[in-house]
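For reference, the structure discussed in these notes is given below.
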Amino acid sequence: MTEQEQILHLREQLHKHNHNYYVLNMPTISDQEFDGMMRQLQELEALHPEMYDENSPTQRVGSDLGNEFATVRHSRPMLSLANTYNLQEVEDFYRHVREELDGAEFQICCELKFDGLSISLHYEDGKLKRAVTRGDGTQGDDVTQNVRTIKSIPLQLPKDAGFPREFEIRGEVLMPWQSFERLNMQRERDGEPLFANPRNAASGTLKSKNSMVVAQRGLDAYLYFLLGDELPSDSHWQNLQEARKWGFKVSDKMILAGSMEEIAGYIDHWDKERKNLPVATDGIVLKVNSIRQQKSLGMTSKTPRWAIAYKFQAEQAETILRQVVYQVGRTGAVTPVANMDPVQLAGTQVRRATLHNADVMAALDLHVGDHVLIEKGGEIIPKITAKACPSAPGSLPIRFVSKCPVCGSALVRYEGEAATYCPNETGCTPLILGKIEHFISRKAMNINSLGPETVDDYFARGLIRDAADLYSLREEQLISPTLADSKSVRKILDSINESRDVPFERVLFAMGIRFVGEIAAKSLARHFGSMDALAEASVEDMLRINGIGNVIAGSVRKFFDDERNKDFVRRLREHGLRMSASREQEQLLSNILAGKGIVISGVFRHHGREEYKSMIERHGGKNLGSISGKTSFVLAGDNMGPAKLEKARKLGVRIMGEDEFLAMLADTGGPDATGEA
C-alpha cells in the first residue's frame, strides 16, 4: 500500500471510529489506538501536502486564524415554527390538519425540540460542503469552518451508504449539559461571566471567530429534517432512519402517532422525563409525516401549516432567601448571588441563584427572609423571578454593596454599563489576575504557553504580582505539581522571552488601560510613536486623534498619573519590551494605497483578515467598515456577503480578489506582500 493509499485508508477508518464513538456511543477501539492512528495520518499528510482534504479527520481540531462569517442565502427558506404552550392549541392543529386533508389518513411525527442553534448542512458526493445558520430564515452565516470541529457531524459519508448526490439536512447544534457545566466551571474560575444556558453557550461558541475554541468546547448536533430533490421516501420518519444509516446523529426518541391521544401521551411523558436527557430540550415538535401531505398543507407567510412546536412550561420552585453575596470577576464586574434554602428544581438541588446586577436587585425589592420564586426553564443557572408574597414587616431590605467585597474600594458604574465595577486594578486580586490574563492573550503579548490556571498558580505561590514579574521568572521556580516537567517550563519561558519582540502598539494594548482596545492602542501608538510621548500627552493632545474621545483620553491620562502604573511601565522597559514604534512600523512599505478607503469582506485563503488590514495600512490605505460612495474598492474573499456585493455593484465600487490584491502589493518592488519587512 502506497503512502497515499494509507492516507485514504486511515481517513476512512477514523471517520468510522468517530461515528462509533460520538454518534453510536459504541467505540470499537481504545483511545490510545485511535490517537495512534490519528498521529500516523497527521505524519503522512505532512509528507504529502498534495493530499490535503478539508474533510480529513485531522482538520477537526480547528484553527486559531480569525474567521469572518460570510452571509449565504438559503436554497430553501428556514422558517420558524408556530409555538404553543397549550394542549388545546395542539388539538386545534391536529383537527385543522385532518380537515385540510379531507379526512385522508395521516400520521404525526413527534420529536423532541432540542434547545440549541438551528443549522443547515449541505452535502455533495457524500462530503460536507457548507454549514449555514438559520439567520433570518432567508439567509444565514456560513460557519462551515467551525462545524467541521463537531465530531458528531460526519465530514465524509460511507461510500456505499446509498445517499443522494446532493442533499441538505437540518438540525440543531447544541451543548450537552456535561460540556456546559465544564465550560461554566472554567469561566467561574477565570472570573468570566457565566453562560445562562446551553443554548446561549452553543450559539456563542458556534459564532466564535476562533475554530480552535469551538473544537475544545464539546458541541454536539442532532439532525431532524432531510431535504433534496431525490429523497429516499415520502415519509419524513423514514428519511431520518435512512440518514441515521448514512452516519448522522438522529434522535431515537421520535415516534409516529396516529391519534391525538398518542400525541398527548408523548408530550406528558417527555415533560417529566426531559430532565434525564444529556441535552437541553424545551418542548416537542409535531410534523405531518408525509412529504406530499406537507406540500399540500403549505405555508403561511412565516410558518409551515404542517408542523407546530409545543413548548414546556418553565419549572418554578419556592424557597426562602437568606442572604446575598457578591462575586468579583476578573474584569472587576461585581455580581450579586442569592443564597437560599435548598430546593429541588428541574432534577437538581438548588441553593444559589444569580441576581445579575444592581438594577435587577432593585426591581425585585428583596428582603432577608423573603419567599421567592426561582426558575430554571432551559437554564442551568437558576434565577429569582419574583417574590412569592410581600416581604414580612420589619424584615431587612437588601441593598447592592457600595464597596468591593474583596479589597474594600468604592465601586463605580460607568455610563451605559449595567454592571458595577471595582476600579482597584492594581490592588484587587481578581482584577490583577484578569489584567495578567489579558496581558498574555493572543492579541496582546501572545504568551500562548500560559493559561489561567498556571497564572493562578504563580500568583498563589507569590512568584508574580503583576504581568511585569513574568519576565523575572526562572526555571527552578516553576516546577510544581501542576507543571512537573522541565520541558513544559522551558516552553513557557521561551514564549515569555519571545514576547519581547511584540510591536509597541500591542504592548500598549496588553497593558490593559481601561477603555483602550486594539484599535485605540494602535491609533495612540502610531500618533505618539513612543510610550514616553504618550505618557506626557495631555487629554487635548489625544483628542486630536480620530476615534479617540474624552473617555479613552481621560482613562489614559489617569493611568499615567498613577505612580504604581509608572513603576509597572518602568519594569516592562527594563525587561526589554518595545516602548516605541520600530522604524519598519513608522515607515510605510509603499504609497500604492495612499488615499484609498478599502472594505474587507468574505473568507480568505492566504492570510487572515487582520493581516490584510495591516497590509492596507502599511501601504498607505485606510480600512473602512462599510461600503459607501467613498469606498475605493472591496477586497473580497470567498463567500462575500450578498448584501455587500449588491451594494458595491449598485454604487459602482470595484471588487478586487485576494490574488489580484497581493499581486498589486508585490509590484511595489519592496518587501513581500505579507506586509512584513
Side-chain angles (χ1 to χ4, degrees), residues 65-74 132-143 145 207-209 416 443 505 509 515-527 542-553 585 588-668 673-675:
L65 290 175
N67 292 332
E68 292 292 340
F69 304 111
T71 304
V72 177
R73 184 168 290 275
H74 295 298
V132 185
T133 63
R134 181 200 298 277
D136 63 4
T138 302
Q139 56 187 18
D141 289 328
D142 187 330
V143 291
Q145 196 81 352
K207 297 300 291 292
S208 171
K209 294 184 178 180
K443 291 187 177 181
E505 62 192 38
F509 171 60
F515 305 122
V516 176
E518 279 184 274
I519 296 173
K522 186 180 292 186
S523 299
L524 290 165
R526 293 186 178 180
H527 181 85
M542 287 182 263
L543 290 176
R544 295 189 182 101
I545 305 172
N546 184 33
I548 303 297
N550 282 303
V551 173
I552 294 175
Q585 287 176 292
L588 292 175
L589 296 178
S590 80
N591 285 311
I592 192 169
L593 300 177
K596 297 187 186 303
I598 301 159
V599 172
I600 297 178
S601 181
V603 179
F604 297 94
R605 291 173 286 116
H606 301 304
H607 302 285
R609 291 172 68 95
E610 293 304 316
E611 290 179 273
Y612 279 121
K613 287 180 180 179
S614 177
M615 290 182 209
I616 288 168
E617 291 173 355
R618 296 187 69 192
H619 287 273
K622 182 178 180 181
N623 287 291
L624 302 178
S626 59
I627 298 170
S628 70
K630 295 181 180 179
T631 304
S632 304
F633 64 87
V634 177
L635 172 56
D638 296 333
N639 297 321
M640 177 181 171
K644 282 188 176 177
L645 183 61
E646 184 179 343
K647 189 169 184 179
R649 287 173 175 166
K650 184 178 179 180
L651 295 174
V653 175
R654 181 184 176 192
I655 306 292
M656 183 181 293
E658 190 175 7
D659 293 331
E660 183 185 357
F661 177 77
L662 292 174
M664 178 179 67
L665 298 191
D667 287 343
T668 61
T674 64

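Every heavy atom of this structure was used, including side-chain atoms; hydrogens, water molecules and symmetry mates were not.
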Solution key, residues 627-634 side-chain donor-acceptor pairs under 3.5 Å, sequence neighbours excluded:
from, atom 1, to, atom 2, distance (Å)
Ser628, OG, Lys630, N, 3.2
Thr631, OG1, Ser628, N, 2.9
Thr631, OG1, Ser628, O, 3.2
Ser632, OG, Gly597, N, 3.0

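- Note that the CG atom of Leu665 and the NE2 atom of His619 stand 4.5 Å from one another [nearest 0.5 Å].
- Looking only at side-chain heavy atoms (C-beta outward), Ile600 and Ile616 come within less than 4.5 Å of each other.
- Between Leu593 and Met664, some side-chain heavy-atom pair lies under the 4.5 Å cut-off.
- Atom NZ of Lys622 is separated from atom CD of Glu617 by 10.5 Å, given to the nearest 0.5 angstrom.
- With values rounded to the nearest 0.5 angstrom, Leu624 atom CG is found 8.0 Å from Ile598 atom CD1.
- In this view, Arg654 and Glu660 satisfy the salt bridge (charged side-chain N to carboxylate O under 4.0 Å, His left out) rule, not counting sequence neighbours.
- With sequence neighbours left out, Glu658 forms a side chain to side chain donor-acceptor pair (under 3.5 Å) with Tyr612.
- Between Leu635 atom CG and Lys613 atom NZ the span is 11.5 Å, to the nearest 0.5 Å.
- The side-chain heavy atoms of Ile552 and Met542, taken from C-beta on, include no pair separated by under 4.5 Å.
- Closest of all the heavy-atom pairs between Val132 and Gly140 is CG1-C, 3.6 Å.
- Contact annotation: the side chain of Arg526 never approaches that of Ile545 to less than 4.5 Å [non-hydrogen atoms, C-beta and beyond].
- Applying the salt bridge (charged side-chain N to carboxylate O under 4.0 Å, His left out) rule to Lys207 yields the partners Asp141; only residues at least two apart in sequence or on another chain are considered.
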Please list every donor-acceptor pair under 3.5 Å in which a side-chain atom of residues 516-525 meets a protein atom from a residue at least two apart or in another chain.
from, atom 1, to, atom 2, distance (Å)
Ser523, OG, Ile519, O, 3.1

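- With sequence neighbours excluded, no residue satisfies salt bridge (charged side-chain N to carboxylate O under 4.0 Å, His left out) with Glu646.
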